[in-house]
Amino acid sequence: MAITARSQAPTGVSDAERAQRWRPYQIVFWLVCLAAVIAFPLIISDPAITTVAFFTLVFAAAGSAWNIFCGYTGYIALGHAVFFGTGCYALTIICAHWHIAGGWAPFEFVPLAGLIAAVVAVPVGIVALRTRRHTFVVITIAIFFIFQLLAENNVFGLTNGMTGAELPIPPWSGYVYNLPFYYVILVILLLAVATSWFVRHSKYGLELLAIRDDEGRALGLGVHTTRVKLSAFVLSAFFVGMCGAVWAYYVESVFPPFAFDALFDVLIALMAFLGGLGTISGPLLGALLLEPAQQYLTIAVGQSGLNLVVEGAVFLAVILLLPEGIVPAVSNRLFGRAAARKATPVAPGPAGPSGVAGPTDTTDATGARAPAPDAGSVATER
Amino acid sequence: MALLQATDIRKAFGGIQALDSCSITVERGSITGLIGPNGSGKTTLFNVITGYERSDTGKVEFNGLDISRYTPNRIFGMGMGRTFQLTRIFPRLTVTENMHVAIRRKGLASLLGRWSASSEHARALQLLEFVGLTHLRDTPAGSLSYGQRKLLELAFILIAEPQMVLLDEPAGGINPTLIDQLGERIRELNRQGVTFLIVEHNMEFIMGLCNRVMVMHRGAKLAEGAPEAVRANPAVLEAYLGD
C-alpha cells in the first residue's frame, strides 16, 4: 500500500484523499480494538493481569486528557498529578461526608470529583498560563509540589495528612473485583478519546494547534488565546480528576505521596511523547507500552529504585530517537506523507527562491494505533 | 475622516527611541507606502498600530475609535489584518487549516463544529485559488517556499474580510514574477475597497503600486506625498544616503 501511495503522490493524489481511502480500514481497526478491550477481562480473568490492564486504562485515559491540552497547545504541563490527586481526595471526602457505602454508589460521584478537579484547575491555569514554554513547565511542577505539601501537612483539614484516608470498601471479591473498575475507567477512557477526537476536528481544536505553532500570530488573527488555553486546561483536568477518583476507589485508601505523585506527572507526559504528542492515538499507545512495563519494573527492580532509572532512560531515548513519537513516525511511513511532501511539485509561477523545509512531524491521527489489550503479566498495587 | 490615524506616537526600548512623536494618516481606499532606512521605526509603528506593542504616549484611531490599548485579537476583529516581515504562518497545520484559523467564529456551536464542514470552507478554497495555492492545500504550511508563505499569510488575513491590511515587506526575498503577481492581487483587492499600508524596501514595487508614500526617519515621519514627489525630495535622499 505504501508503495502505491508513494508512486501516486506526484500525480496529484493528496494526503487527504489518501487518508479518505484508508478510512474504512481505520474504522474497522478501531472497532476491533474496542471489542478486544471490552472482551479482554472476560477472556483473561486472572486478577494479576486485569489489575495491570486497569492501570493501563487509567493512564491511557489520563494521558489522552493531558494530551487535549498539552499535546494540542504544545504547553507541556508536568503538574497534572494535582488534578489526579484532587480527584482522589474529592471522592474520598464526598464518600466520607455523605456516608456513601461501597458498591456502585461511589462511581456515581466520579463525575463530581472530576468537576471539583476542574474547578481547582481554573485558578491553577490562570496562574500557570501567564507563562510560556520552559517557564510554564517549571511553574506547573512548582504548583504540583505546593499541592503535595498542602495534602501532606493537612493544611485545610481535608486530607488527614500522612495518616491517609479511607474510601468505602468495594463489596466485590476475588475474580470479579477488577471488573467494575475496569469498565468504569474504560467508559472514562472512551469519553476522553471521543472528546480528544472531537476537539481535534473542531475549530476550537484548530485554535489550540495554531497556538502551538505560533501563539502571537494566532492572537493577531482574532483567536482569544487566553480563553482557549484555559478552557482546554480545565477540560483536561476534568478527565484526569475522574481518573484519580476511580483509581482512589480501586486502591481503597489515599495517601498524599500516592495521590500527588511526581512519577504520575512524568509518566503521562512520557506516554504521550512516546506515542506521539498531539495525536489522538499516541497517548493510548504510549500507555499500552509503558504502563505494563512500569508495573513489571516496579515488581522486578522497584526495591532498588532501578525502575526510575530505567524510566528516565526511556524518556531520554524517546526524546533523542523518536522526538515526534511512534504514531507520526509510522503514519509518515505508511502514508508516504514525507515522501509525498518531497514530491509535491512547487508551483511553476509563484515559486520562491528558497524552499524552506518544515518540521517533519504531523499531528494527524491517521494510521492510528489503539490499545490492543495484551497487558503485561505482573500485577501490583501502586 | 481618515480610516487610520496615529497621532504623536512615542515608543522607547531602553535608551533607543524607536518612535519619536510619529504621526501618520491613512485615507480610506488608498494604497499607502511606508518607506525609510533600516531602523527608522517602520515595523515598530506596525506593532503599535496592530496592538503587538503598547506605545508610551500617543493615540491610534481606527474608524474614529481609539484602539491604542486594544489587544491584537480585538484589533483584528475590528477589521485590521497584518502580515509580518518574516512571515508567520502555522507550519504544522496544512495550508487549508491555516486558512481556517482566521475565520470569525460566532457562538459556541460554530466553535465546536468541524472546521472542514463549515460554511466558510468554500471561501477558504476560493481565496487559495485567488493567491494560486490551491494545488498545495493539503500540504503542511511549513514546507511552502518563502514566497508561498507570504501569499498564504495574505490569504488567511483576507478570509476575515478586513477593511485594512498592513503588509510588512511583502516583496522582500521573493522572485520578480511573484512580486508582479502580488502587486496585481493588491490592486484587485484595493478595487474591492480594501485599504493598504505597505512597508517595503523595493522602491520599484512601492512606487508603482502606491498612490501615497510616507517616509520615516529616526522614529518620525520625514516626508509624505505622491511617489514622484517623495522620490525627488532632497531630505529623503539625505536620509537614505547621508548620515
Side-chain angles (χ1 to χ4, degrees), chain A residues 12-19 74 198-228 231 278 324 328 337-338 340-342 344-364, chain B residues 50-52 71-77 81-82 84 88-94 96-98 100-105 108 110-118 131-133 135-151 153 156-157 160 173-175 177-178 181-182:
Chain A
V13 178
S14 70
D15 284 339
E17 287 165 48
R18 202 163 21 244
F198 195 70
V199 166
R200 178 65 183 81
H201 291 90
S202 70
K203 288 185 193 169
Y204 171 67
L206 207 54
E207 293 188 342
L208 294 174
L209 294 170
I211 286 170
R212 178 198 62 188
D213 274 11
D214 187 340
E215 187 166 348
R217 176 78 265 195
L219 186 67
L221 292 176
V223 175
H224 295 277
T225 48
T226 310
R227 230 181 277 172
V228 169
S231 55
E324 49 182 336
R337 216 167 264 273
R341 207 177 306 159
K342 275 185 205 124
T344 305
V346 180
S354 59
V356 185
T360 48
D361 42 345
T362 60
T363 47
D364 213 299
Chain B
T50 52
Y52 277 88
T71 52
N73 57 344
R74 195 158 172 204
I75 291 171
F76 183 79
R82 73 168 289 189
F84 288 86
R88 286 173 75 172
I89 46 146
F90 305 105
R92 290 193 277 178
L93 302 184
T94 67
T96 316
E97 285 172 332
N98 266 271
H100 276 269
V101 174
I103 290 176
R104 301 268 47 76
R105 283 149 286 256
L108 203 60
S110 135
L111 194 65
L112 297 180
R114 294 185 65 173
W115 61 262
S116 52
S118 66
V131 296
L133 292 176
H135 60 294
L136 296 169
R137 62 179 186 269
D138 296 321
T139 315
S143 58
L144 297 185
S145 74
Y146 190 55
Q148 289 165 340
R149 287 174 190 225
K150 295 219 157 189
L151 288 172
E153 200 182 20
F156 68 51
I157 283 163
I174 63 176
N175 72 40
T177 326
L178 196 53
Q181 256 189 0
L182 190 69

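Each chain gets a letter, A, B and so on, in the order its sequence line appears, and its residues count up from 1. Computed from a prediction, not measured in an experiment: that's the story for all the values here. All values below were derived from every heavy atom in this structure, side-chain atoms included, with hydrogens, water molecules and symmetry-related copies excluded.
- Only the backbone of B:I89 comes within contact range of chain A, with at least one heavy atom under 4.5 Å from a heavy atom of that chain.
- Among all heavy-atom pairs drawn from A:G220 and B:P72, the shortest one is CA-CB, 4.0 Å.
- Atom CZ of B:F76 and atom CG of A:L219 lie 11.0 Å apart (nearest 0.5 Å).
- A side-chain contact (heavy atoms from CB on, under 4.5 Å) with B:V101 is found for exactly one of A:D213, A:L206, A:I211, namely A:L206.
- By the side chain to side chain donor-acceptor pair (under 3.5 Å) test, B:N73 is found to be paired with A:H224, B:T71, residues two or more places apart in sequence or in another chain being considered.
- The distance from the CG atom of A:L221 to the CD1 atom of B:I103 is 11.0 Å, given to the nearest 0.5 Å.
- The side chain to side chain donor-acceptor pair (under 3.5 Å) search around B:T96 returns none, not counting sequence neighbours.
- Atom-to-atom distance recorded for B:F84:CZ and A:R217:CZ is 4.5 Å, nearest 0.5 angstrom.
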